[in-house]
Amino acid sequence: MKHIKIFDTTLRDGEQSPGCSMNLREKIEMAKQLEKLNVDIMEAGFAASSPGDFNSVKTIAETMKSCTVASLARAMQGDIDKAYEAVKGAVSPRIHTFIATSPIHMEYKLQMSPDAVMDSAEAMVKYAKKYVSDIEFSAEDSTRSEIDFLAKIFDRVIKAGATTINIPDTVGYTTPDEYYDFLMAIRDKCPALDNVDISVHCHNDLGLSVANSLAAVRAGATQLECTVNGIGERAGNASLEEIVMALKTRKDIYQADSRIVTTEIMRTSKLLTRITGVGVQPNKAIVGENAFAHEAGIHQDGVLKNKETYEIMTPESIGITEKSLVLGKHSGKSALRARIKELGYDINDEELEVAFAKFKDIADKKKQVYDSDIEAILTKETVKVPRIYTLDRFVINSGNTITATAVVSIFKGDKKIEKVARGDGPINASFNAIEKIVNRKFHLEDYKLSSVTEGTDALGDATVAISEEVEGDQKPIITRGRGLSPDVVQASIIAYINAVNKLLYEEEQNRILNGEQQD
Ligand code: KIV
Ligand code: ZN
């Protein structure tokens, strides 16, 4: 059985996509979960792209205990220097350098001749090799590049020290049959590829990224680049969970497997959703809400008689556990701690205190507390981000014949501040009241409300994304907050306050970081 290395780029290509940006703490939390999932390589970011990215790659590199940590770098000395500075503290550091090789990219984007691109690729791989032994080279837009040119450039960068050659479908243009033939043709023209890892990185513009990645395995690829939930530029990257489960389920075809701990898949997917607020569609393969739901009577009957009639893999294999009633309002802190541990989470005493307060609040209002409720309250953002503002109380006056009014009272430290505001509905009125209290204007980027479990007493799960008002073409900070409560207005208010706390915290962190950079 061939081992396929899983190169996760959730924190780089994934994080680049709209709505998926994460702050440092969120990236670290995600990175730790990716290590539990047992990815072979984690691309932690693009160190040269910003001081924030540099800092997160460096911190992740120093935190990971076993997996390889990579930073992306253009084929430029400055980028490679930054990438090395960021990953050098890793147990196993990798520099991933790239340059575009398609005629259209070379002519219009790079404005470089093919010879100059080839020279630059070779020189930069040599340069990076001074720093680390593990070098990945990517020929951006490979699938629209000329095979002879790719074969030559790969030959040169392999001689210069590249240990992994990535042949990406940057624009999601190829098809499985074409990609297979293309990769086989390159291997034929560049025998040196047999001595390195061949990697593929497929985008999903035509919905073929996973199929293309699997075709690449048949053509000899030994590393697949992918992201959790398939997030990434435009239509996203190949989805990690789909690739991994396809390899596992169809070993008979691929004669290959990954080292991913598949029972961590669902938890990883949910964590990403929780952090970014970007969910997956219900019918998404593997991790969608309906991926294991059998609705049709004939199907249900079959599954009851023998699961394999309609199930090609088990929900347990990706870490879905039976919905179980675990705790009630009389359960104590140690019972909650024990259950959290059983669910596979590691929390410290301070985090347990916060989780327990939330649990009590929910258990008081809700008859039944399920595992999914407990997992929902385990967001670490409320623990780590200083809670400058906290909700005291609110009163809403709303109806279909009046303008909604909200009275919101919030603590800032010991001080209670109360404001009244009107709005288009109770949620808008509450948000307006919070803005008055904080005395700032925010832009509402996104608002989502869903329920954690079923039933009329289900927990409402609100996510709010806000951004600061900025001048000119400055990039605004966008933060997300989450709130949970059986009362959806309360969940929304808590989410908004959490987003505000995070935004203030991020602004403060940026000020510190900029100050440090200037020193
Ligand atoms: O899509 C792409 O080609 C990339 C490269 C930088 C690997 O993300
Ligand atoms: Zn990409």
Side-chain angles (χ1 to χ4, degrees), residues 5-18 20-21 39-50 53 57 68-76 79-80 82-83 86-87 94-106 108-110 117 120-121 124-125 128 134-145 149-150 153-154 157 162-174 179 182-183 186 196-210 212-213 216 221-240 243:
K5 292 182 183 166
I6 297 295
F7 176 113
D8 178 274
T9 183
T10 306
L11 297 170
R12 200 274 300 165
D13 212 325
E15 208 253 351
Q16 242 163 266
S17 59
C20 290
S21 58
V39 301
D40 298 273
I41 303 105
M42 180 189 306
E43 187 163 54
F46 183 174
S49 69
S50 71
D53 242 51
V57 178
T68 299
V69 177
S71 171
L72 187 66
R74 286 167 295 182
M76 292 158 85
D79 273 31
I80 292 170
K82 281 250 157 55
V87 297
R94 173 178 292 190
I95 294 175
H96 174 196
T97 187
F98 75 101
I99 194 162
T101 49
S102 62
I104 185 168
H105 275 232
M106 291 191 289
Y108 294 100
K109 189 182 81 171
L110 299 176
V117 166
S120 177
M124 288 307 110
V125 168
D134 188 347
I135 307 289
E136 172 166 339
F137 171 76
S138 284
E140 191 189 9
D141 204 15
S142 280
T143 48
R144 293 191 298 168
S145 306
F149 182 65
L150 285 177
I153 201 167
F154 291 156
V157 296
T163 41
T164 301
I165 297 295
N166 186 30
I167 310 175
D169 183 25
T170 303
V171 289
Y173 178 68
T174 197
Y179 205 26
F182 179 75
L183 295 170
I186 297 172
V196 295
D197 272 315
I198 297 176
S199 175
V200 294
H201 171 115
C202 299
H203 279 272
N204 205 30
D205 301 66
L206 292 174
L208 293 170
S209 57
V210 173
N212 288 337
S213 306
T222 45
Q223 174 179 289
L224 301 181
E225 305 198 359
C226 46
T227 59
V228 175
N229 295 348
I231 65 168
E233 279 283 353
R234 306 181 308 278
N237 288 64
S239 129
L240 179 147
I243 282 181

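Bear in mind that the values here come from a model prediction, so they are computed numbers and not experimental data. Counting starts at 1 for both ligands and their atoms, following the listed order.
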Counting only heavy atoms not in Tyr173, do more than 12 fall under 6.0 Å of its OH?
no

Which pair of non-hydrogen atoms, one from Ser17 and one from Gly14, has the smallest distance, and what is that distance?
OG-O, 2.7 Å

Using a 3.5 Å cut-off on N or O atoms only, is Ser138 in polar contact with ligand 1?
no

Is Asp134 close to Ile41 at the side-chain level, that is, under 4.5 Å between some pair of heavy atoms?
no

Out of all atoms in ligand 1, which are within 4.0 Å of some heavy atom of Pro168? Include the element for each.
3 (O)

Geometry only, no angles: is Asp13 polar-contacting ligand 1 at N/O separations under 3.5 Å?
yes

Quick one: CG on Asp169 to CG on Asn204, what's the gap to the nearest 0.5 Å?
10.0 Å

Strictly under 2.8 Å, is any N, O or S atom of Glu233 next to the Zn ion (ligand 2)?
no

Hey, what's the ring geometry for His203 with His201, parallel, tilted or perpendicular (30° and 60° as the breaks)?
tilted

Can you tell me how far NE2 of His96 sits from CD of Glu136, rounded to the nearest 0.5 angstrom?
4.0 Å

Electrostatic pair Glu225:Arg12 at N-O distance under 4.0 angstrom
no

Any heavy-atom pair between the side chains of Ile243 and Val210 that's under 4.5 Å?
yes

The atom of Asp13 among N, O or S that is nearest the Zn ion (ligand 2) is OD2

min-distance protein heavy atom vs atom 5 (C) of ligand 1 -> Arg12 NH2, 4.0 Å

Taking atom 7 (C) of ligand 1 as the point of reference, which of Asn166, Ile99, Thr170 owns the nearest heavy atom?
Asn166

Polar atom proximity, His203 to ligand 1 (N or O, under 3.5 Å)
yes

If you count the atoms of ligand 1 from 1 in the order shown, which ones are under 4.0 Å from a heavy atom of Glu140?
3 (O)

Non-hydrogen atoms of Glu233 versus ligand 1: any pair closer than 4.0 Å?
no

Can you tell me the protein heavy atom closest to atom 4 (C) of ligand 1 and the distance?
His201 NE2, 3.4 Å

Side chain, backbone, both or neither: Arg74 near ligand 1, heavy atoms under 4.0 Å:
neither

